[in-house]
**Student:** 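Next up is a structure, given as structure tokens.
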Amino acid sequence: MPTDARGDWNVLHPQAAAPLFLALDASWWVTGGWALDLFLARERPHHDLDFAVLRREHGAVRSHLAAWDMHVVHDRSLTAWSSGEPLPVDRTTVWARPAKYLPWQLEIFFESAEADDWVYCRDERVRPEVVLLHRAAQAPAATDDGDLREVAGRLSAAGRHWLIDALTTAHPGHRWIGQI
């Protein structure tokens, strides 16, 4: 079980968490490393399970998980997010667990959108549908470079071109631009 300074994690498999989200009346999707693994039809160890939900549906998520202990993440600190409270406008990440005494089980990202377009939080000019763009903004890790090699080889020519354009727009000079 991975441990963070803010507590232990019980890393769920997406199939184990899916029933919880299938009953949610909101748009959601698996993101992060698990999304890449599902795309590549593989499994490897993960330190958490990431889901994304449109920000405008945060109330539905909090209501659906009303009994859960949920905390908003900001600057590596956690602030309790009580049922019935709106998600602070400048916050996008929430950790969730079934009860205070249990390990964390979910990391939920609340994503911006305009109509049906997902808006990249780091640059609103980019309207992505590729998890790699998010991973490019994180601190570099060997697994991220490996993910790029595996996923980029399976993207269509249009998908590779889109990713290069998105990286050039949002992260000019990123080391991945020449590797795609």
Side-chain angles (χ1 to χ4, degrees), residues 1-4 9-22 24 26-58 61 73-76 91-96 104-180:
M1 174 179 339
T3 299
D4 180 278
W9 277 86
N10 177 21
V11 181
L12 296 178
H13 189 282
Q15 288 178 334
L20 180 66
F21 280 87
L22 289 174
L24 173 65
S27 302
W28 60 271
W29 58 97
V30 175
T31 189
W34 273 112
L36 297 174
D37 279 2
L38 292 169
F39 174 74
L40 294 168
R42 69 174 188 202
E43 282 192 33
R44 60 187 173 164
H46 291 271
H47 70 275
D48 64 0
L49 173 59
D50 304 330
F51 278 89
V53 178
L54 295 179
R55 172 175 269 291
R56 64 180 172 238
E57 298 176 324
H58 76 272
V61 172
V73 181
H74 181 68
D75 288 338
R76 299 201 43 83
R91 304 294 186 258
T92 60
T93 308
V94 171
W95 286 8
W104 300 108
Q105 290 189 349
L106 302 172
E107 185 166 18
I108 306 169
F109 296 95
F110 291 92
E111 301 287 348
S112 297
E114 286 183 15
D116 291 332
D117 288 342
W118 174 23
V119 178
Y120 185 49
C121 62
R122 291 179 176 93
D123 190 321
E124 65 184 29
R125 296 172 296 171
V126 178
R127 307 297 169 105
E129 295 181 4
V130 178
V131 173
L132 283 172
L133 183 61
H134 273 280
R135 294 184 76 85
Q138 298 173 355
T143 56
D144 295 332
D145 287 342
D147 287 341
L148 173 70
R149 283 189 297 278
E150 289 189 59
V151 174
R154 295 195 41 198
L155 293 175
S156 66
R160 283 191 303 277
H161 182 71
W162 178 90
L163 182 56
I164 290 168
D165 286 348
L167 284 168
T168 301
T169 299
H171 307 289
H174 194 282
R175 70 184 190 287
W176 283 2
I177 294 169
Q179 297 176 32
I180 299 172

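Just so you know, these numbers come straight off a predicted model, no measurement behind them. Side chains are part of it too, since the values below use all heavy atoms of this structure and drop only hydrogens, waters and symmetry mates.
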**Student:** Starting at CG of Leu167, measure out to CH2 of Trp162 and round the result to the nearest 0.5 Å.
**Tutor:** 8.0 Å
**Student:** Is any side-chain heavy atom of Val94 less than 4.5 Å from a side-chain heavy atom of Val61?
**Tutor:** no
**Student:** Would you say Gln179 has more than 12 foreign heavy atoms packed within less than 6.0 Å of its CD?
**Tutor:** yes
**Student:** His58 versus Arg56: any side-chain heavy-atom pair under 4.5 Å?
**Tutor:** no
**Student:** Could you give me the CA-CA distance, side-chain angles and deciding distance for Arg44 and Asp147, then say whether salt bridge (Lys or Arg N to Asp or Glu O under 4.0 Å) is met?
**Tutor:** CA-CA 12 Å; Arg44 60 187 173 164; Asp147 287 341; 2.8 Å; yes
**Student:** Identify, with sequence neighbours excluded, every residue that meets side-chain contact (heavy atoms from CB on, under 4.5 Å) alongside Arg125.
**Tutor:** Asp123, Thr169
**Student:** Between Glu107 and Trp95, what is the shortest heavy-atom contact and its length?
**Tutor:** OE2-NE1, 3.3 Å
**Student:** Quick one: closest heavy-atom pair of Gly32 and Asp50, and the distance?
**Tutor:** CA-OD2, 3.7 Å
**Student:** Report yes or no: does Glu57 contribute a side-chain atom to a donor-acceptor pair with the main-chain N or O of Ser27 at less than 3.5 Å?
**Tutor:** yes
**Student:** Which pairs, with at least one residue in residues 154-166 and sequence neighbours excluded, count as a salt bridge (Lys or Arg N to Asp or Glu O under 4.0 Å)?
**Tutor:** none
**Student:** By ring pair (Phe, Tyr, Trp, His ring centres under 6.0 Å), which residues pair with Phe21, not counting sequence neighbours?
**Tutor:** Trp28, Phe51
**Student:** With sequence neighbours left out, write down each residue that passes side-chain contact (heavy atoms from CB on, under 4.5 Å) with Gln15, or none if nothing qualifies.
**Tutor:** His13
**Student:** Could you tell me which residues satisfy side-chain hydrogen bond (donor to acceptor under 3.5 Å, both in side chains) with Trp176, sequence neighbours excluded, listed by chain and number?
**Tutor:** Asp145
**Student:** What I'd like to find out is whether the side chain of His134 reaches to under 4.5 Å of the side chain of Tyr120, using heavy atoms alone.
**Tutor:** yes
**Student:** How long is the straight-line distance from CG of Leu155 back to CG of Leu132, given to the nearest 0.5 Å?
**Tutor:** 6.5 Å
**Student:** Report yes if some heavy atom in the side chain of Asp48 is under 4.5 Å from a heavy atom in the side chain of Trp104; otherwise report no.
**Tutor:** no
**Student:** Taking all non-hydrogen atoms of both residues into account, name the closest pair between Leu49 and Gln105 and its distance.
**Tutor:** CB-O, 4.1 Å
**Student:** Residues two or more places apart in sequence or in another chain: which of them pass side-chain hydrogen bond (donor to acceptor under 3.5 Å, both in side chains) with Glu111?
**Tutor:** Trp118
**Student:** Between Leu133 and Leu163, what is the shortest heavy-atom contact and its length?
**Tutor:** N-CD1, 4.2 Å
**Student:** Any side-chain heavy-atom pair from Leu12 and Leu20 closer than 4.5 angstrom?
**Tutor:** no
**Student:** Could you tell me which non-hydrogen atom of Arg135 sits nearest to which non-hydrogen atom of Leu36, and how far apart they are?
**Tutor:** CD-CD1, 3.3 Å
